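Heads up, the thing below is written out as structure tokens.
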Amino acid sequence: MLDNPPLTNLQTRDIESLLHPYTPIHQLKSTGTVVMGRGKGVYVYDTQGRGYIEGMSGLWCAGLGFGDEEMIEAAIEQMRTLPYYHIFGAKSSEPAIELAEKLKEIAPVPISKVFFTSSGSEANDTQVKLAWYMNNAMGRPNKKKIISRIKAYHGVTVMAASLTGLPSNHNGWDLPVDRVLHTDCPHHYRFGIEGESEAEFTARMAKSLRDLIEREGPDTIAAMIAEPVMGAGGVVIPPKGYYEAIQAVLAEHDIMLIADEVITGFGRTGNWWGSQTLNMRPKTISAAKQLTSAYAPLGAVMVPEDVYQAYVDHSATLGTFAHGFTYGGHPLSCALGVKAIEIYQRRDIIGHVRRLMPVFERRMKKIGEHPLVGEARYCGLVGAAELVADKASKRSFDPRNGVGPKASKLIEENGAILRALGDTIAICPPMIISEAELNELFDRFETGLDQAEAWVSTGALRAA
């Protein structure tokens, strides 16, 4: 088979018309694109008729898979009833009200109000604006800096991309902006000192955070934002006790914790929220992705009563609460959010995830034994395999070799879509996946890794 067969008409039209995100766009005319035509269950099919197990739930989001008839019917009903309205100027719609009530009901911490956005990026961007607004209301105009972490991913708007701690999101974009600080990444495998236990590593992470806060001045720092499990940064799962340690430091310095639950919310980790799985006690929460199982765009910011009252006080001073999005609280998206949560509850999706977790763990541990893999990490039904040139020393491949993208492509050619995050291969299947389908997904994953190992060996890519 040719590496780069002639482009189809659809591929040519695609390349002539679309600007593709997170893509080496300089290569597209030679590599082409994969144009998807339909999806059902955990499978998607391209316009050439090839089928794939969608092992990333799209972009960590299609928890109910593709073509769920209940979701489709809910969308049709809402489109016929009220296809659009807004919640500006004291207007509202029943789906927005009902979804806000459901989110308050299942929230991991007490929540008073929900603010809707169109995406996770907008939700995290809004978190920063709301933190600034709250501190202005409380007479603390200098308490504005936000702490994030190296390798964090919080989105792509100007502020959310600044919170993100990945070089590719900053290089060439004039980012990060001011008022954003980055503390250490809590990845023991990659950043632990030789001989350092996880408990010692956690203590060092907490000390590093404390040093940063004291160096900057706690009176200048409003919040820290953290994903329970760091997603696009490589599915980094902090050591046990990490959040308890950093939360003690934050509480000591009156700095609130924002949980970015965009990937980890709605059952992905075996609980409703990653915060519950990782023992986080956030003040506010961002959600998106599986909120609607990606059947329509929607994000949410969830805040407690004392924070909301600060907004009320400032609105009284300024005359209004001047923030919002045209599609925030969109009735179609909110109706789908209501239906998704109803399905998660009625079908016991969280129970299903928990039943699959031992299978996922067993197969991930086997992936970790592969000669290409330095570490396999997992939490619930999300995981990653970090590819290394040398398992003993944890030495990475030269990034110019593109080992991760090549492995991802080989896995795709075996009928499974995973995602290369540099030289880390992420896996995040729809939560509805059956045990047989999950095993088939891992079989295809392993076959692709075997082919990648042969390619690495043939090309002598392990040379230091």
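All values derive from a computational prediction rather than experimental measurement.
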Do the non-hydrogen side-chain atoms of [X] and [Y] ever get within less than 4.5 Å of each other?
X      : Y      : value
Tyr84  : Thr326 : yes
Val109 : Trp273 : no
Gln309 : Val312 : yes
Phe266 : Ile106 : yes
Val235 : Thr424 : no
Glu446 : Ile367 : yes
Met302 : Leu103 : yes

Original post:
Pick from Asn136, Asp178, Thr220: which one makes a side chain to side chain donor-acceptor pair (under 3.5 Å) with Lys144?
Top reply: Asn136

Can you name the closest pair of heavy atoms from [X] and [Y] and give their distance?
X      : Y      : value
Gly329 : Ala96  : O-CB, 4.0 Å
His182 : Arg149 : CD2-O, 3.5 Å
Ala62  : Pro430 : O-CB, 3.5 Å
Phe201 : Pro239 : CD2-CG, 3.7 Å
Val177 : Ser162 : N-OG, 3.0 Å

Original post:
Is a side-chain N or O of Lys394 found less than 3.5 angstrom from the main chain of Gly374, in a donor-acceptor match?
Top reply: no

Once you round to the nearest 0.5 Å, how far does [atom1] of [X] lie from [atom2] of [Y]?
X      : Y      : atom1 : atom2 : answer
Ile427 : Arg419 : CD1   : CZ    : 14.5 Å
Arg462 : Asn401 : CZ    : CG    : 11.5 Å
Ile25  : Thr33  : CD1   : OG1   : 13.5 Å
Met159 : Gln127 : CE    : CD    : 12.5 Å

Subject >> Contacts of type salt bridge (Lys or Arg N to Asp or Glu O under 4.0 Å), residue Glu214, not counting sequence neighbours >> reply: none

Subject >> Asp219 vs Asp254, side-chain contact (heavy atoms from CB on, under 4.5 Å): CA-CA, chis, key distance, verdict >> reply: CA-CA 8 Å; Asp219 291 343; Asp254 190 22; over 6 Å; no

For residues [X] and [Y], establish whether the separation of their ring centroids is below 6.0 Å.
X      : Y      : result
Tyr133 : His323 : no
Phe442 : Phe360 : yes
His20  : Tyr22  : no

Original post:
Is Glu361 salt-bridged to Lys365, cutoff N-O under 4.0 Å?
Top reply: yes

Original post:
Ser112: what forms a side chain to side chain donor-acceptor pair (under 3.5 Å) with it, not counting sequence neighbours?
Top reply: Glu305

Original post:
How about Leu18: does its CG atom have over 12 heavy atoms from other parts shown lying under 6.0 Å from it?
Top reply: yes

Subject >> Lys29 NZ: over 12 foreign heavy atoms closer than 6.0 Å >> reply: no

We want to know whether [X] and [Y] form a side-chain donor-acceptor pair, criterion being a heavy-atom distance below 3.5 angstrom.
X      : Y      : value
Thr164 : Asn169 : no
Asn124 : Asp260 : yes
Arg281 : Gln247 : no
Arg444 : Asn414 : no

**OP:** Anything under 30° is parallel, anything over 60° is perpendicular, the rest tilted; go ahead and classify Tyr327 against His330.
**Re:** tilted

Pairs under 3.5 angstrom only: tabulate donor-acceptor contacts from the side chains of residues 223-234 to other protein residues two or more places apart or in another chain.
| unit_1 | atom_1 | unit_2 | atom_2 | d |
| --- | --- | --- | --- | --- |
| Glu227 | OE1 | Gly231 | N | 3.0 |
| Glu227 | OE2 | Tyr153 | N | 3.0 |

**OP:** Step by step, work out the side-chain hydrogen bond (donor to acceptor under 3.5 Å, both in side chains) result for Glu261 and Thr264.
**Re:** CA-CA 5 Å; Glu261 292 268 11; Thr264 51; 2.6 Å; yes

